[in-house]
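Hydrogens, waters and symmetry mates are skipped; everything else that's a heavy atom, side chains included, is used. Lettering of chains follows the sequences in order, A, B, ..., and the numbering in each one begins at 1.
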Amino acid sequence: MSALAAGDRRRLSGPASLMLVAPFVLVLIAVFCWPILQLLSASLFDPDFTLRHYEQVLTSEFTLGVFLRTFRVSFLVACFALVVGYPVAALMRSLPPMGAAIVGACVLIPLWTSVLVRSFAWTVLLQRNGVVNEALQGLGITSGPLSFLYNEAAVVIAQGHVMLPFMIMPIYQSLRAIPDELPRAALSLGASRTAVFREVIWPLSRPGVVAGFLMVFIVTLGAFVTPALIGGPRSLMLATLISGEITENLNWPLGAALSAVLLVMVMLLIGLFSRFLRFGRVEM
Amino acid sequence: MADVATRTIDTAGMGADVSIRSLVKRYGPVTAVEDISLAVASGEFLSVLGPSGSGKTTVLMCLAGFEIPSAGSLHIGGREVTALPPNRREIGVIFQRYALFPHMSVRDNVRFPLKMRGMARRQAEAVVEEALATVRLSGFGDRLPAQLSGGQQQRVALARAISFRPPLLLMDEPLSALDKKLREEMQAEIKDLQRRLGLTVIFVTHDQEEALTMSDRIAVMSHGRLEQVGTPEEIYGNPATSFVARFVGETNILPGIVHRRSGQDGTVALDGGGEIAVPLPAERRLAEGSAAEVMLRPEHVAVMPAGSGVNGLAARLVGHSFAGATVALTFEAAGGQRLVARRPARELAGLAPGAEVVLVPEAGQARCFARTGQGA
């Protein structure tokens, strides 16, 4: 497959391909790289060169606690999305093309609605006089409203739901790359259905699992909307902290230093796992 | 299974007999297999031969347990397996595209069925080495499947399928992905393995040459039905239906009308002119005057010079293609009817395109079938 694709590719000369990408690169430098560099310089020059803000980020118990929580919540979100997403991907794989397309549409259509809308939907469901509480009381399971919102569990569920497509799609891709004969061969060789999954399906879908997991984890590290709406002050996450420093405390240098640390961590993660993060061609 | 390793792979006579009784398989409104009954003896090599869509693979998938029959029953070694899940049937299955586990080494692939049976690792290693030696791949154990050629991969699949010593091997067009030379090598190798192990093999193929070379018996299928079951000689020399005659081997097809029939013999008046003598066994219900087609193998057509006084079909040479020992001569007879004769190459001498000849069917070799609407 990949040999075929490589064979099809006609090579452009160096200068020609450079000219083709030049407009895009220029736009990227102007609206993306330049602001980031400015932000970084804001964290380092106040007004003279100083590492004071980084020192504050890396020594303050409060900010370190937020970092730790952000990593913990991101990890849990990725776990949640994996547990919920894998069966969906497996279902899509087992359905005939039409059914898989319908389930796939149900997975992808939420991506077209704003994260804001999806997060508000969760607050409507989970708040004290929300749908879940009303239902529980109506059924007589609970006597008074429970507080579901404004804790880490709520963030994990809501953010996990928002991130679900990023988990399902790579897993589905890697499941689809497994030919039907493989589970059949395993069955004919005496494997039970559980053994077929454990020995064949799971190991062969692992590249998709790793890609989805990293994707969800890394995106959640910088997630702002859902943690801000669902999480509340006691489960403050990094993006919310950065936004607070900049818009409320007007402490640009500290916000910039926090951003820089997050940026470096994300880039390290991507660099470390880059071989798993290739979409559309999950290898076996 | 504890005694697996103590038996050696070279033990003969382990094959199971197979009985397929009134098997039917429908997919919604489509009937893929229509009422097939077939008995395979222990240690027999049976090919199921048919074009794509004839239902041959469906029969195999029902035997392997991947498809549940709509009706009928399946018995292997005297045990009914119709509703048994595939992992409890003890059948080795070889797939067209090898189906090796890409994330496991060759050794782990071959060890897989033993591991599934809970065999201790050390004991399993010995069986694996023996199975790999059987397919001449000792020393390849640490490779990954992707590092092997197609033929080697299929041999690993073979080693994997025999390592747990199933009494029955099902093969689904196992050689169709290989080139011709390798295919012939593998045919001999599979055949040899089957004889040595005394395995019962059911081998699905669309390649009639492969079926003729390898099989003890061939079951020819078309449109979900059995057309004929017989030895390769019977299938080739005495096809039961016009479909079998067309599908197996090369053949000339000459449409005509049954002109005269007396006892076991008769003549057919060809549409293009001329007459041909054919055997007409009683089971061929062909009355005088009914539409028929005469099938004549190219090697059963003798070529005589025109005007030599023998009875036959006047024809003119229009082309020839040389194939080493033999040459295929294409003739045009009266009415534009084309005929091919396959003769020893030396007979070409003195025949140039345009030469007038008389074609004489070898006595008793022509076969006559009723002409149906589509002819097949």
remark   = Applying a strict 4.5 Å limit to non-hydrogen atoms, the region of B:Leu100 in contact with chain A is backbone
ask   = Quick one: what part of B:Phe95 sits under 4.5 Å from any heavy atom of chain A, side chain, backbone, both or neither?
value = side chain
query = Quick one: are the ring centres of A:Phe217 and A:Phe166 less than 6.0 Å apart?
reply = no
task = Tell me, out of B:Pro166, B:Pro113, B:Ala161, B:Ala146, who's got the most heavy-atom pairs with chain A below 4.5 Å.
result = B:Pro113
request  = Verify the neighbour count for atom CZ of A:Phe75: are there more than 12 heavy atoms of other residues, nucleotides or ligands below 6.0 Å?
outcome  = no
key: B:Arg97 bridged to B:Asp172 by N-O distance under 4.0 Å   = no
remark   = Most heavy-atom pairs under 4.5 Å with chain B, out of A:Glu181, A:Arg193, A:Glu199, A:Arg184, belong to A:Arg184
note = In A:Ile171, A:Leu164, A:Ile168, the residue satisfying side-chain contact (heavy atoms from CB on, under 4.5 Å) with A:Val88 is A:Ile168
